[in-house]
2 protein chains.
Amino acid sequence: MSMKSKSTSELKASIHRVEEICKSNKLGLTEIRKQVFEIIVKNNKPIKAYEILDKIRNINNKPSHPPTVYRAIDFLIENGFVHKLNSINSFVGCFHPKAHKECYFLICKKCNIYQECCDDSLKDRISKTAIHNNFVISNTTLEIEGHCLDCSQK
Amino acid sequence: MSMKSKSTSELKASIHRVEEICKSNKLGLTEIRKQVFEIIVKNNKPIKAYEILDKIRNINNKPSHPPTVYRAIDFLIENGFVHKLNSINSFVGCFHPKAHKECYFLICKKCNIYQECCDDSLKDRISKTAIHNNFVISNTTLEIEGHCLDCSQK
DNA sequence: ATTGCAATGTTATAACATAACATATATTAT
DNA sequence: ATAATATATGTTATGTTATAACATTGCAAT
C-alpha cells in the first residue's frame, strides 16, 4: 500500500462522522473545534499547532491566540478525533475514531504523509510485552519514521 | 520484573562501556559530553535538557548555555548512548549501546522510572508491519506509558 | 607557523505550550 | 423568563523546549 492523501469524499465522511459522534454523545462540537478538526484532516500531512493558528486567523479574520488552538486540539484528542505525533510535535486526524484509543503511525520523512498502522497483531505484541514486564499500559506512542513506497523508489 | 533503579556498579559499568566504545571508535568523549552522559545515567529517571543544564552549571561553577547541553545530547544520541523520550521531552541513558539503535521503553507515570523493552518479537512485529505497508523504517519511537508493578500495587 | 577542523562559548531568538484571569455563551433548575 | 451554573472562548503574559548564527578556542597535520 502506498501512502495516498485522502479523497474529498473521505474527508467529508470523516468530518460527518465526527459530527455524528458529537451529536450522539452530547459533545459540544463548537465552531472553533470544528474548524480546527477540518484544518487538521484536510491537511493530509501532520500539521503543527501554530500552522493551525495561522489558518484559523485567516478564516476568521480576527486575532486568535495559541490557547484557542491548543484547547480545541485537547478536545479533539480527548475524544479520539485527532492524535498527536510526539516525535514531530504535530497533529493528525484519526480516520476511525472510537475504534481504538491508541493509534500507531507510519510517517514518511520525505513526503510527510502519514498512515495509521494499528493492526491487532502489533497491538497484541505490545500488550504481551507489557504483561511480561508486569506493566499496566495507560497509553502508547508508536511512531515509525522512514520512507513510503513512492518516496523510497524516487 | 519490577522497575528498579540501577546500582552503583551498573552505573560505573555503563560509563566505562561508553568510554571504551569511544576510545575504540575514536569518538571524542570530551569533558562536557562525559558530564552530560553521567548526569543522565545517574538520574535513574528521564531527565530534561534544562535540568541537565542546571547540573552542569553547578558542577562547573560557570555560566553554561542550552546549546552546550543540546550538542552533547546530540552526540550521545547519535552514538546510541542516550535516547530521547519524545512523549515527555526527556532523555535517558542506554544500558546496552550498540546492541541496537532502536530502543523501546516502558515509562512509569507514577515513579517515573523507565525500562527498556526491546525484545526481538516486538522488533519483528514492527518490522513486519512496516513491510506490510511497503515502508522502509529509518527510526522508531515506541514509548509505553503506564504503571509498573510496584506502583500499580500501591 | 599556518591552515584546517572539531568542539565550545555566547547571544539571541525561534518554536512549542500553558497559567491565570476576564468575558461570553449555553444549559439547567427554579 | 430568570437566576444560577457550567462550559467555552478571549486575552495577556509567560513558561518551556530547542536551535540559528557567529565568535573563540584548542589541537592536529602539513
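None of the values given here were measured: they were computed from a predicted structure. Letters go in sequence order (proteins before strands), and every chain restarts at 1.
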Student: Tell me: NZ of Lys26(B) to P of dC27(D), nearest whole Å?
Tutor: 18 Å

Student: Please determine if a side-chain N or O atom of Tyr70(B) lies less than 4.0 Å away from the OP1 or OP2 oxygen of dT19(D).
Tutor: no

Student: Choosing from dG10(D), dT10(C), dA7(C), which nucleotide comes nearest the side chain of Thr68(B)?
Tutor: dT10(C)

Student: So which of residues 36-67 of chain B are in contact with DNA chain D, with a heavy-atom cut-off of under 4.0 Å?
Tutor: Lys48(B), Tyr50(B), Pro66(B), Pro67(B)

Student: How long is the gap from CG on Asn79(A) to SG on Cys94(A), to the nearest 0.5 Å?
Tutor: 11.5 Å

Student: Please give, in whole Å, the distance from dT9(D) P to Leu76(A) CG?
Tutor: 10 Å

Student: Sequence neighbours excluded and cut-off under 3.5 Å, please list the side-chain donor-acceptor pairs for residues 46-54 of chain A, or say none.
Tutor:
residue, atom, partner, partner atom, Å
Lys48(A), NZ, Ile88(A), O, 3.0
Glu51(A), OE1, Lys48(A), N, 3.1

Student: Can you measure from SG (Cys111(A)) to CG (Asp150(A)) and round to the nearest 0.5 angstrom?
Tutor: 7.0 Å

Student: Please tell me which of the listed nucleotides, dG10(D), dC22(D), dA8(D), lies nearest to the side chain of Arg71(B)?
Tutor: dC22(D)

Student: Send over the distance from Lys34(A) NZ to dT9(D) C1', rounded to a whole Å.
Tutor: 18 Å

Student: If we ignore angles and hydrogens, is there a donor and acceptor under 3.5 Å between the side chains of Glu116(A) and His96(A)?
Tutor: yes

Student: Less than 3.5 Å apart, any donor N or O on the side chain of Asn60(B) or Gln35(B) sitting next to an acceptor on the other?
Tutor: yes

